[in-house]
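Heads up: the structure comes next, in structure tokens.
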Amino acid sequence: MTKKAERSITEVIKAAPRLQNLLAQCGIINEFNQILQMLIKKYIANANAQVANYNQGILSILVADAALATKLRFYVKELLKDINTFSNLPDVAKIKISVAAKMM
């Protein structure tokens, strides 16, 4: 039996452009989520929400229930403006709010 050479995770990622793109996308979503957690308190106290995705200018946010989704939709314009003040992230043209099947 031939033993395969072991590679580090860094070597695997460097060799796979698709993994590099996925890792970059995860980093962007994580940063948007951190910003959302900071900003959402300005509009709704104790809101259970998280960023689900960012794709082509659309930021998808999941919330715990329909009542919270309705409340947050009321503040979408202000939230969009606040999020776009962070120059280290891509611009957000639209925010999509959905109710998650089950939140933490």
Side-chain angles (χ1 to χ4, degrees):
M1 182 185 301
T2 308
K3 186 177 179 180
K4 292 185 177 183
E6 293 183 22
R7 298 190 307 175
S8 72
I9 190 73
T10 305
E11 292 172 329
V12 172
I13 291 172
K14 284 182 180 177
R18 291 177 109 178
L19 286 176
Q20 291 174 10
N21 291 340
L22 182 61
L23 191 58
Q25 181 71 5
C26 287
I28 289 170
I29 290 171
N30 186 44
E31 286 201 42
F32 273 126
N33 196 47
Q34 289 176 5
I35 290 167
L36 175 67
Q37 299 310 313
M38 180 181 62
L39 293 175
I40 201 166
K41 295 173 189 168
K42 176 179 172 182
Y43 304 106
I44 303 169
N46 300 319
N48 190 359
Q50 67 185 41
V51 174
N53 196 19
Y54 174 81
N55 189 15
Q56 298 177 347
I58 300 172
L59 187 67
S60 299
I61 298 174
L62 291 177
V63 296
D65 56 60
L68 179 57
T70 300
K71 288 179 189 176
L72 193 54
R73 285 183 187 114
F74 182 76
Y75 297 106
V76 163
K77 287 182 183 178
E78 292 88 348
L79 185 59
L80 186 61
K81 184 176 137 188
D82 287 347
I83 287 174
N84 281 324
T85 62
F86 291 85
S87 61
N88 60 324
L89 291 170
D91 284 340
V92 177
K94 180 180 177 182
I95 294 177
K96 179 182 168 192
I97 299 171
S98 303
V99 178
K102 196 172 193 176
M103 293 284 290
M104 303 174 249

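Because the structure is a prediction, the values reported are computed rather than measured.
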Single-linkage hydrophobic cluster, 4.5 Å side-chain cutoff, V99 and V76 together | yes
Establish whether F74 and V92 are linked, either directly or via other cluster members, by ILVMFWY side-chain heavy-atom contacts under 4.5 Å.
-> yes
So do the side chains of [X] and [Y] get within less than 4.5 Å of each other, counting heavy atoms only?
{"X": "L89", "Y": "I83", "value": "no"}
{"X": "L36", "Y": "L59", "value": "no"}
{"X": "F32", "Y": "S60", "value": "no"}
{"X": "I61", "Y": "I40", "value": "no"}

So which heavy atom on [X] is nearest to which on [Y], and how close?
{"X": "L80", "Y": "K94", "result": "CD1-N, 4.2 Å"}
{"X": "A69", "Y": "V63", "result": "CB-CG2, 3.5 Å"}
{"X": "A52", "Y": "I29", "result": "O-CD1, 4.0 Å"}

Checking N84 side chain against D91 main chain: does a donor-acceptor pair fall under 3.5 Å?
-> no
Pairs involving residues 19-35, ordered by first then second residue, that meet salt bridge (charged side-chain N to carboxylate O under 4.0 Å, His left out) (sequence neighbours left out) = none
Between atom [atom1] of [X] and atom [atom2] of [Y], what is the distance when rounded to the nearest 0.5 Å?
{"X": "Y75", "Y": "L39", "atom1": "OH", "atom2": "CG", "result": "14.0 Å"}
{"X": "I28", "Y": "Y54", "atom1": "CD1", "atom2": "OH", "result": "7.5 Å"}
{"X": "Q20", "Y": "Q25", "atom1": "CD", "atom2": "CD", "result": "14.5 Å"}
{"X": "L68", "Y": "N48", "atom1": "CG", "atom2": "CG", "result": "7.5 Å"}
{"X": "E78", "Y": "I95", "atom1": "CD", "atom2": "CD1", "result": "10.0 Å"}
{"X": "I35", "Y": "T85", "atom1": "CD1", "atom2": "OG1", "result": "7.5 Å"}

Write out all pairs satisfying side-chain hydrogen bond (donor to acceptor under 3.5 Å, both in side chains) with one or both partners inside residues 34-46, taking only residues at least two apart or from two chains.
-> N33-Q37, K42-D82, Y43-D82
